[in-house]
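Input: a single structure, listed below in structure tokens.
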Amino acid sequence: QVQLVESGGGLVQPGGSLRLSCAASGFSFRIYFMRWYRQAPGKEREPVAGISGSGSMTTYADSVKGRFTISRDNAKNMVYLQMNSLKPEDTANYYCNTVPLHDDYWGQGTQVTVSS
């Protein structure tokens with residue numbers, strides 16, 4: 001029923017950029033605050049950015065503030081994460097989910113690897 005499909009990850013050099021996409025279906029997307037998370041090997045999953053249902057409010061982890069930008073297109077049920085000035089410590093699998101979080105909504109994520 002509910003599906004969240006992340007895409008856009010890949011291998012990029014330090015200082016490079018990637019744009020991640022999250023395609024949502026099966027729920028009332030436009031009313032939910034949406035959030036990007038990431039999880040690196042051996043580490044806890046952490047939130048990196050969030051955006052309100054209308055897109056009027058955004059939040060960012062201190063580690064990505066000024067480098068990442070979250071946005072959404074409610075007409076397309078899409079959430080995006082523009083990642084600039086990427087660092088090796090950004091290497092992780094990136095996921096999207098709702099706020100409040102639905103633990104059964106997790107997709108497979110998209111892998112971001114920042115390495116020279």
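The hydrophobic side chain of M57 is isolated, with no ILVMFWY side chain under 4.5 Å apart from it.
Under the side chain to side chain donor-acceptor pair (under 3.5 Å) criterion, Q3 pairs with no residue at all, not counting sequence neighbours. Not counting sequence neighbours, S25 has no partner by the side chain to side chain donor-acceptor pair (under 3.5 Å) test. Residues forming a ring-ring contact (aromatic ring centres under 6.0 Å, His included) with F29 (at least two apart in sequence, or on another chain): none. T110 is linked by a side chain to side chain donor-acceptor pair (under 3.5 Å) to nothing, counting only residues two or more places apart in sequence or in another chain. Checked against side chain to side chain donor-acceptor pair (under 3.5 Å), R30 has no partners two or more places apart in sequence or in another chain.
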Identify each donor-acceptor pair in which a side-chain atom of residues 95-102 lies under 3.5 Å from a protein atom, sequence neighbours left out, and give them as a table.
from	atom 1	to	atom 2	distance (Å)
Y95	OH	N93	ND2	2.8
N97	OD1	H102	N	3.4
N97	ND2	H102	O	3.1
T98	OG1	P100	O	2.7
T98	OG1	H102	ND1	2.7
H102	ND1	P100	O	3.1

Below 3.5 Å, can you tabulate the donor-acceptor pairs from side chains in residues 79-89 to any protein atom, sequence neighbours excluded?
from	atom 1	to	atom 2	distance (Å)
Q82	NE2	N84	OD1	3.0
N84	OD1	S17	OG	2.9

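Here the closest non-hydrogen pair linking E6 and G109 is OE1-N, 3.0 Å. What you find for P14 and S116 is that their closest heavy atoms are CD-N, 3.7 Å. Scanning all heavy atoms of the two residues, the minimum distance from M34 to L4 falls at CE-CD2, 4.1 Å.
Taken from OH in Y105 to CG in D103, the straight-line distance is 11.5 Å, to the nearest 0.5 Å. Residue Y94 holds its OH atom at 7.5 Å from CG of L20, rounded to the nearest 0.5 Å. If you take CG on L18 and CZ on F68, they are separated by 9.0 Å, rounding to the nearest 0.5 Å.
Residue pairs meeting the ring-ring contact (aromatic ring centres under 6.0 Å, His included) criterion with at least one partner in residues 33-52, sequence neighbours excluded, are Y37-W106. Pairs of residues two or more places apart, or lying in two chains, never qualify as disulfide (SG to SG under 2.5 Å) while including a residue from residues 48-81. Residue pairs satisfying the disulfide (SG to SG under 2.5 Å) criterion with at least one member in residues 27-70, sequence neighbours excluded, are absent. The salt bridge (Lys or Arg N to Asp or Glu O under 4.0 Å) analysis of residues 54-80, with sequence neighbours excluded, yields the pairs R67-D90.
The shortest distance between side-chain heavy atoms of S71 and R19 falls below 4.5 Å. With a 4.5 Å cut-off on side-chain heavy atoms, S63 and R38 count as touching.
In the model, T113 has no side-chain atom that pairs as donor or acceptor with a side-chain atom of S115 under 3.5 Å.
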Please assess Y32 against F27 for the test ring pair (Phe, Tyr, Trp, His ring centres under 6.0 Å), listing each intermediate value before the final yes or no. CA-CA 9 Å; Y32 279 96; F27 67 99; 5.7 Å; yes
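Checked by atom type and distance alone, the side chain of T91 pairs as donor or acceptor with a backbone atom of V114 at under 3.5 Å.
Within a 6.0 Å radius of CD in Q111, more than 12 heavy atoms belonging to other residues, nucleotides or ligands are found.
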